[in-house]
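Okay, structure first, notes after.
Note that ligands are numbered from 1 as they come in the structure, with each ligand's atoms numbered from 1 the same way.
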Amino acid sequence: MDEDILYHLDLGTKTHNLPEMFGDVKFVCVGGSPNRMRAFALFMHKELGLVEGEEDIKDICAGTDRYCMFKTGPVLSISHGMGVPSISIMLHELIKLLHHARCCDVTIIRIGTSGGIGIAPGSVVITDTAVDSFFKPQFEQVILDNVVTRSTELDKELAEELFNCSKKIPNFPALIGHTMCTYDFYEGQGRLDGALCSFSREKKLDYLKRAYEAGVRNIEMESTVFAAMCGLCGLKAAVVCVTLLDRLDCDQITLSHDVLMEYQRRPQLLISNFIKKKLGLCDQIS
Ligand SMILES: O=P(O)(O)O[C@@H]1C[C@H](O)[C@@H](CO)O1
Ligand SMILES: O=c1cc[nH]c(=O)[nH]1
């Protein structure tokens with residue numbers, strides 16, 4: 001293409017000098033909420049000890065209200081909204097952005113929230129494999145009128161490295177497990193408390209217990225397409241989500257605002273330690 005307009009990011013190859021703006025990016029962190037991703041960028045800025053002021057960390061995608069994007073040193077922090085279609089659009093444009101900017105050796109990590117299965121709320125699940133609602137390690141993309149099945153394997157070495165990093169953080173509950181990705185938060189995740197519910201409590205528990213037996217430890221809404229797209233495009237990728245509740249116990253998220261914020265910071269702390277370690281900024285993890 002003579003020109004590539006990254007419409008939902010409000011960036012383009014003719015309007016922006018992408019290599020100059022993004023050429024040094026080595027880590028990309030993505031998550032659903034714009035506020036979380038802004039908070040992560042500010043946290044990384046502090047952790048990396050960068051000189052310019054926090055006020056210089058501006059939303060690069062301010063011209064659109066679809067996604068927000070912040071850059072601090074080699075770390076890019078981007079929001080992706082909720083669900084597969086939303087993250088998929090963002091990833092198409094992000095991956096093209098990294099290509100146009102001539103970035104190399106980029107690691108991409110989704111830092112999110114999730115519902116746990118059979119584990120304590122507040123646990124951080126590092127995904128080894130993302131699975132669909134049938135516990136299969138695949139993502140089905142409808143392309144024209146064909147269903148194309150793509151693998152959702154993630155980088156096992158990276159998952160192990162993150163798990164080892166987590167062990168160095170005091171009182172940090174983390175584990176490696178499969179993550180189930182659904183197309184809905186309510187009936188799609190076996191919740192009884194949506195506007196619609198077409199199954200019994202027994203059926204719900206039977207489904208979630210079968211998921212647990214298949215190795216699933218948490219449920220969220222983006223991991224399969226994230227793993228599939230990053231895998232096909234040669235990006236090292238990981239998914240790190242905190243659990244907000246144990247779905248074997250309840251459906252509603254009753255955490256106080258403060259606890260919710262503290263839980264959401266857990267994946268951020270782990271990833272910040274990982275990035276600092278990769279950049280050689282700390283032998284001793286704080
Ligand atoms: O990154 P977030 O915390 O948005 O991920 C999960 C999956 C859905 O997008 C959302 C549902 O509450 O949270
Ligand atoms: O239960 C939950 C919690 C957060 N995100 C989800 O997708 N499900």
Q.
Quick check on contacts: which atoms of ligand 2 are under 4.0 angstrom from a heavy atom of Glu220?
A. 7 (O)
Q) Which distance, rounded to the nearest 0.5 Å, do you find between the CD of Glu93 and the NZ of Lys96? A) 6.5 Å
Q | Per-atom contacts of ligand 2 with Ile219, taking only distances under 4.0 Å to non-hydrogen atoms | A | 6 (C), 7 (O), 8 (N)
Q. Taking heavy atoms and a distance under 4.0 Å, where does Thr243 meet ligand 2: side chain, backbone, both or neither?
A. neither
**Q.** Residues forming a side-chain hydrogen bond (donor to acceptor under 3.5 Å, both in side chains) with Glu20, sequence neighbours excluded
**A.** Asn17
Which pairs would a plain distance check flag for residues 140-147, meaning a side-chain donor or acceptor within less than 3.5 Å of a matching protein atom at least two apart in sequence or in another chain?
from	atom 1	to	atom 2	distance (Å)
Glu140	OE2	Gln138	NE2	3.4

**Q.** Contact residues of ligand 1 (heavy atom under 4.0 Å), by chain and number
**A.** Gly31, Gly32, Arg36, Met82, Gly83, Arg110, Gly112, Thr113, Phe185, Met221, Glu222
Q: Please identify each residue that fulfils ring-ring contact (aromatic ring centres under 6.0 Å, His included) with Tyr183, with sequence neighbours left out.
A: none
Q: Indicate whether any N or O donor in one side chain lies under 3.5 Å from an N or O acceptor in the other, for Ser198 and Glu187.
A: yes
Q | Check ion pair Asp105-Lys236 (N to O, under 4.0 angstrom) | A | no
(Q) Please report whether ligand 2 has a polar contact with Gln189, defined as an N or O pair separated by less than 3.5 Å (distance criterion only). (A) yes
**Q.** Structural part of Arg191 in contact with ligand 2, heavy atom criterion under 4.0 angstrom
**A.** side chain
Q: Around atom 2 (C) of ligand 2, find the nearest protein heavy atom and jot down its residue, atom name and distance.
A: Gly115 N, 3.3 Å
Q: Return yes when Leu245 approaches ligand 2 closer than 4.0 angstrom through a heavy atom, no otherwise.
A: yes
Q.
A side-chain contact here means heavy atoms from C-beta on lying under 4.5 Å apart; do Val124 and Ser166 qualify?
A. no
Q: Would you kindly check if the NZ (Lys) or CZ (Arg) of Arg266 is within the cone defined by 45 degrees around the ring axis of Phe172 and under 6.0 Å from the six-membered ring centre?
A: no
Q | Basic-acidic side-chain contact under 4.0 Å: Arg201, Asp251 | A | no
